[in-house]
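Each remark here refers to the structure printed beneath this line.
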Amino acid sequence: QVQLVESGGGLVQPGGSLRLSCVASGSIFSFYVMNWHRQAPGKQRELVATITSSGTANHTDSVKGRFTISRDNAKNTVYLQMSSLKPEDTAVYYCNANRRFWGREYDYWGQGTQVTVSS
């Protein structure tokens with residue numbers, strides 16, 4: 001029902017910046033908690049940032065002060081602004097939409113976008 005398409009990944013140097021975007025279609029975007037996850041080779045997928053429908057945001061400790069999640073419900077889009085990038089930020093970044101309603105969970109994932117931080 002919900003399709004998520006990420007964009008904005010690429011190759012950047014340490015200390016650089018990048019903004020990821022995720023556009024949702026097929027459902028009512030404003031109902032969903034939106035998340036960014038990432039997965040590096042040989043590591044578990046981890047939650048990077050989350051934002052509620054009303055705009056309350058949280059970030060994992062390793063990215064606090066460097067990454068900012070935001071959303072624009074009118075555009076059905078969630079963003080991840082990444083600054084002061086480090087090599088350890090290299091991963092595939094996934095957009096995720098989640099909600100619980102009437103006892104059911106609705107969970108959708110994008111296909112991911114590669115972020116590589118290297119000099």
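All residue numbers in this chain count up from 1 along the given sequence.
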Can a side-chain donor-acceptor contact be found between Asn35 and Thr50 if the only test is distance below 3.5 angstrom? yes
Ignoring hydrogens and geometry beyond distance, is a side-chain donor-acceptor pair present between Ser118 and Thr116 at under 3.5 Å? no
Any chance you could lay out the side-chain contact (heavy atoms from CB on, under 4.5 Å) test for Met82 and Tyr93, step after step, and finish with the verdict? CA-CA 12 Å; Met82 304 184 294; Tyr93 285 71; 4.0 Å; yes
Is there a side-chain contact between [X] and [Y] (heavy atoms, below 4.5 Å)?
{"X": "Val48", "Y": "Phe67", "value": "yes"}
{"X": "Phe29", "Y": "Met34", "value": "yes"}
{"X": "Arg71", "Y": "Tyr79", "value": "no"}
{"X": "Val78", "Y": "Ile69", "value": "yes"}
{"X": "Arg38", "Y": "Glu46", "value": "yes"}
{"X": "Tyr106", "Y": "Asn98", "value": "no"}
{"X": "Arg66", "Y": "Asp89", "value": "yes"}
{"X": "Ile51", "Y": "Val33", "value": "no"}

Trp109 and His37 aromatic ring geometry - parallel, tilted or perpendicular at 30°/60° bounds: tilted
Considering residues, nucleotides and ligands other than Glu88, do more than 12 of their heavy atoms fall under 6.0 Å from its CD? yes
So for atom CZ, which belongs to Phe31, do other residues, nucleotides or ligands contribute more than 12 heavy atoms lying within a distance under 6.0 Å? no
Heavy-atom pair with the smallest gap, counting every atom of [X] and [Y]:
{"X": "Ala49", "Y": "His59", "answer": "CB-CD2, 3.6 Å"}
{"X": "Thr77", "Y": "Ser21", "answer": "CG2-CB, 4.4 Å"}
{"X": "Pro14", "Y": "Ser119", "answer": "CD-N, 3.7 Å"}
{"X": "Ser17", "Y": "Gln81", "answer": "CB-NE2, 4.2 Å"}

Donor-acceptor under 3.5 Å (Ser53 side chain, Ser30 main chain): yes
N/O donor-acceptor pair under 3.5 Å between Gln39 side chain and Val92 backbone: no
Looking at Lys64 and Asp61, does any basic side-chain N land under 4.0 Å from a carboxylate oxygen? yes
Within this structure, what is the [atom1]-[atom2] distance for the pair [X] and [Y], rounded to the nearest 0.5 Å?
{"X": "Ser25", "Y": "Leu4", "atom1": "OG", "atom2": "CG", "value": "7.5 Å"}
{"X": "Leu47", "Y": "Asn96", "atom1": "CG", "atom2": "CG", "value": "8.5 Å"}
{"X": "Thr90", "Y": "Leu11", "atom1": "OG1", "atom2": "CG", "value": "8.5 Å"}

Examine [X] and [Y] and state if one hydrophobic cluster contains both, with Ile, Leu, Val, Met, Phe, Trp and Tyr joined whenever side-chain heavy atoms are less than 4.5 Å apart.
{"X": "Leu80", "Y": "Tyr108", "value": "yes"}
{"X": "Leu20", "Y": "Val63", "value": "yes"}
{"X": "Val23", "Y": "Tyr94", "value": "no"}

Cation over ring face, Arg45 and Trp36, 6.0 Å, 45°: no
Geometric cation-pi criterion, Arg99 with Tyr32: 6.0 Å, 45°: yes
